[in-house]
Protein chains: 2
Amino acid sequence: MAQAKPQNVKVKKSVTLRDVAKKADVSIATVSHVLNNTREVREQTRKRVQQAIDELSYHRNDIARELKTGSSGLVGVLIVDYNPFYTDVLRGIEEAVEPLGWKFVVASTGENWEKQKELLHVMISRRMQGILIAAVDGFDSKYVESVVPADIPIVLFDRRVAGSQMVSVTSMNFEGARQAVEHFYQHGYKKIGFVLGKDLISSFQDRKSGFEQEIKRLNLISRIEEDYPSIEGGYEAGRRLFSKLNYDFIPEAVLVGNNMMLIGFLEFLREHQLRVGVDVAVISFDYQAWCDVITPPMTVIRQSSKKMGVTAVNILKQKIDGNSPDDVRLQVELSIGGSCGCMQKINRSNHLF
Amino acid sequence: MAQAKPQNVKVKKSVTLRDVAKKADVSIATVSHVLNNTREVREQTRKRVQQAIDELSYHRNDIARELKTGSSGLVGVLIVDYNPFYTDVLRGIEEAVEPLGWKFVVASTGENWEKQKELLHVMISRRMQGILIAAVDGFDSKYVESVVPADIPIVLFDRRVAGSQMVSVTSMNFEGARQAVEHFYQHGYKKIGFVLGKDLISSFQDRKSGFEQEIKRLNLISRIEEDYPSIEGGYEAGRRLFSKLNYDFIPEAVLVGNNMMLIGFLEFLREHQLRVGVDVAVISFDYQAWCDVITPPMTVIRQSSKKMGVTAVNILKQKIDGNSPDDVRLQVELSIGGSCGCMQKINRSNHLF
DNA sequence: TTGTAAGCGTTATCAA
DNA sequence: TTGATAACGCTTACAA
């Protein structure tokens, strides 16, 4: 009895080297060499091959190629989420990767070590040239080091991992927080609040240390409220900071731990009719373009986010070239707007919105 | 004469199935089956294999696997840049892809067809399950259709391509612009400006048509200034719109074409002491969180950006399952703040910043 | 100047 | 319950 034809035949098998070779009446080796320009081919033959390629609209299967050659020309990037800070870093990576002739792909992990592990495996098993990682809370460097093959270099960015040998590029977070407190002090504020992200990652920890140390040095009064590093978290931490239960402590100035929390915190202030730069001085980590168009403009601790991306790629390049680059700490800049209490007069006359 | 050992021996060859098989004293087939749970294996054997895997810290080479199986479980996404709108879409994609057990990777092309072509090839040659594309200005659908294998479905998002058969998910841009003009009209404004991106992409074109049609219907006076869809472009277009040379036309209300241009445009207004919602009514495309914390809050035409991502994935899924899904046009919402001139009183009393 | 053939590390089809 | 072995589509010695 004749068997029925299977229904799900793959109609269009993809065109391979062999198809091209047959059509051009040459060997697959020749086609490969034409494709890669990797040995002399008679002009006439080359033309025939090229024509066959065009006619069949052949495209090399890079998976096969990579399996053979072992490298992909692709850099993998793991970010925590698509917030504006990381997207700035990505722009830097893009810029740096281009002249090297590489490409890169991105995946986001959330603040979730399990997911970061999974995506790390995606990157490893796709044999990336290298992997750039913003390490999440819970990052297990021992595990990573044991799992990643020696020929796939890893570079951490934005967040160091304590006790690991992995090279990293981060911002001078400690110094940034310190400067902010010092600036508040110069304005004469004595009671300083800090709206901080609760994750156990180096950037927040460093900011916390810098804050605490400077508070102590200048003999100020402070209060830190930690919450999720999100809009909601910023709102909540603000609420707790200004809670009526804190009779003894209503902050005159507040430092905010990142850009997302800032939005939530500003929302809180607006709802409670607290005027930025007048009733409460505010400085926040992370510059974004919109910080300039609000009134008063935000005073922010600005990271070199794009440069962070560029640097991460450079470090990666060095590792690939067999060097052992050192950790990099990028400068931060206290960029003065009006939200910290500076330029009150200018703000008043400039009060357009 | 003995030859010198080559200097660049690859010290650490990666661990393969074969290594594991040897160590566990089984065949590679068995190891493969243990890994993939694809046939019964005696408990004892399974344990031995698992142990070998752990001891060697073996990780499957997915490149080889894909070469064999032909599919990758990866979705490729091509965005134009990492602006907040696309990152919202990405969050939607992430959400939708997760329950399907897929992963996705992103690359950004700029408004640059050549680069988009290159990255499209990266995606094709890595044999993605499917590819989601925000088509750039210059997108050649004929070319794409000829180049992409039949078994890799493509879904366009954010931007349709005229005259192509490719399925797309976009926002009701026409309707959004129309509503904005109508809203201005209800406020009594007669002279309406439009700060628009100059790229030839469907979203801008649709917004332009919607704007023009409603202007005509309501018999209003208008002026469109096109520029790069960036902060600088927004600033420049604003400058031209309010140029002293336009004696006959100084806009009472301005529609802004996207979020980036909005920032530039707001910068322009501030510099020239034009008060938003008082001297000039403003409505902008694209909601971002910061739009709520400025004064007055922005009135925006809000796209369902996250839903766009979810929908794109759903469409992709349908195509993979062999269906022929239709184009989707997502609802937009005119989200009222104070910048359009609404709630003047509330703004005044609420004038915290 | 071109062709042959051996892998790369998997999966899958047989056979044992 | 397990093992041999042939692909997958490419690159690259080595041969011709």
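Residue numbers start from 1 in every chain, and the chains themselves are labelled A, B, ... in the order their sequence lines are given, proteins ahead of strands. What's counted below: heavy atoms across the whole structure, side chains too, no hydrogens, waters or symmetry copies.
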- prompt: Hey, does the side chain of B:T30 come within less than 4.0 Å of D:dG3's phosphate (OP1/OP2), counting only N and O?
  reply: yes

| task | Using a strict cut-off of less than 4.0 Å between a Lys/Arg side-chain nitrogen and an Asp/Glu carboxylate oxygen, indicate whether A:K117 and A:E114 qualify as a salt bridge. | result | yes

(message) Any donor-acceptor pair, under 3.5 Å, between the side chain of B:R42 and the base of D:dT2, if you only look at N and O atoms?
(response) no

* To do: Indicate yes or no: does B:D19 engage B:K22 in a salt bridge with an N to O separation below 4.0 Å.
  => no

Original post:
Is any side-chain heavy atom of A:V169 closer than 4.5 Å to a side-chain heavy atom of A:N314?
Top reply: no

Separation of D:dT12 atom P from A:E66 atom CD, nearest Å, is 13 Å

Report task. Please work out whether the ring planes of B:Y86 and B:F157 are parallel, tilted or perpendicular, with thresholds of 30° and 60°. Result -> perpendicular

To the nearest angstrom, the CG-C1' distance between B:D151 and D:dG9 comes to 14 Å

The answer to which of B:S27 and B:L67 contacts DNA chain D further toward the 5' end, by nearest nucleotide, is B:S27

Q: Determine whether the side chains of A:N323 and A:D321 contain a donor N or O and an acceptor N or O closer than 3.5 Å.
A: no

Exactly one of B:L316, B:V155, B:I152 clears side chain to side chain contact (heavy atoms under 4.5 Å, CB included) with B:I131, and that residue is B:I152

Atom CG of B:L56 and atom P of C:dG9 are separated, to the nearest Å, by 14 Å

Discussion item. Taking atom types as they are modelled, would you say the side chain of A:R39 forms a donor-acceptor pair with the base of C:dT1 within the 3.5 Å cutoff?
Written reply: no

Per side chain to side chain contact (heavy atoms under 4.5 Å, CB included), B:I124 is matched among B:V144, B:L119, B:V148 by B:V148

Given the rule in the side chain to side chain contact (heavy atoms under 4.5 Å, CB included) test, do B:M308 and B:T311 qualify, once you have shown the distances and angles that lead to the verdict? CA-CA 5 Å; B:M308 184 177 285; B:T311 310; 5.7 Å; no

Separation of C:dG9 atom P from B:K22 atom NZ, nearest Å, is 12 Å

Distances for protein N or O near nucleotides 10-12 of chain C N or O, under 3.5 Å:
{"residue": "C:dT10", "atom": "OP1", "partner": "B:Y58", "partner atom": "OH", "Å": "2.6"}
{"residue": "C:dT10", "atom": "OP1", "partner": "B:N61", "partner atom": "N", "Å": "3.3"}
{"residue": "C:dT10", "atom": "OP2", "partner": "B:L17", "partner atom": "N", "Å": "2.8"}
{"residue": "C:dT10", "atom": "O5'", "partner": "B:Y58", "partner atom": "OH", "Å": "3.2"}
{"residue": "C:dT11", "atom": "OP1", "partner": "B:N36", "partner atom": "ND2", "Å": "3.2"}
{"residue": "C:dT11", "atom": "OP1", "partner": "B:R65", "partner atom": "NE", "Å": "2.9"}
{"residue": "C:dT11", "atom": "OP2", "partner": "B:S32", "partner atom": "OG", "Å": "2.7"}
{"residue": "C:dT11", "atom": "OP2", "partner": "B:N36", "partner atom": "ND2", "Å": "3.3"}

As a check of understanding: the bend across the helix from C:dT1-D:dA16 to C:dA16-D:dT1, end axes from five pairs, rounded to 10 degrees, works out to 40°

Separation of D:dT2 atom C1' from B:E43 atom CD, nearest Å, is 16 Å

### Salt-bridge criterion met for A:R126 and B:E66 (N-O under 4.0 Å)
yes

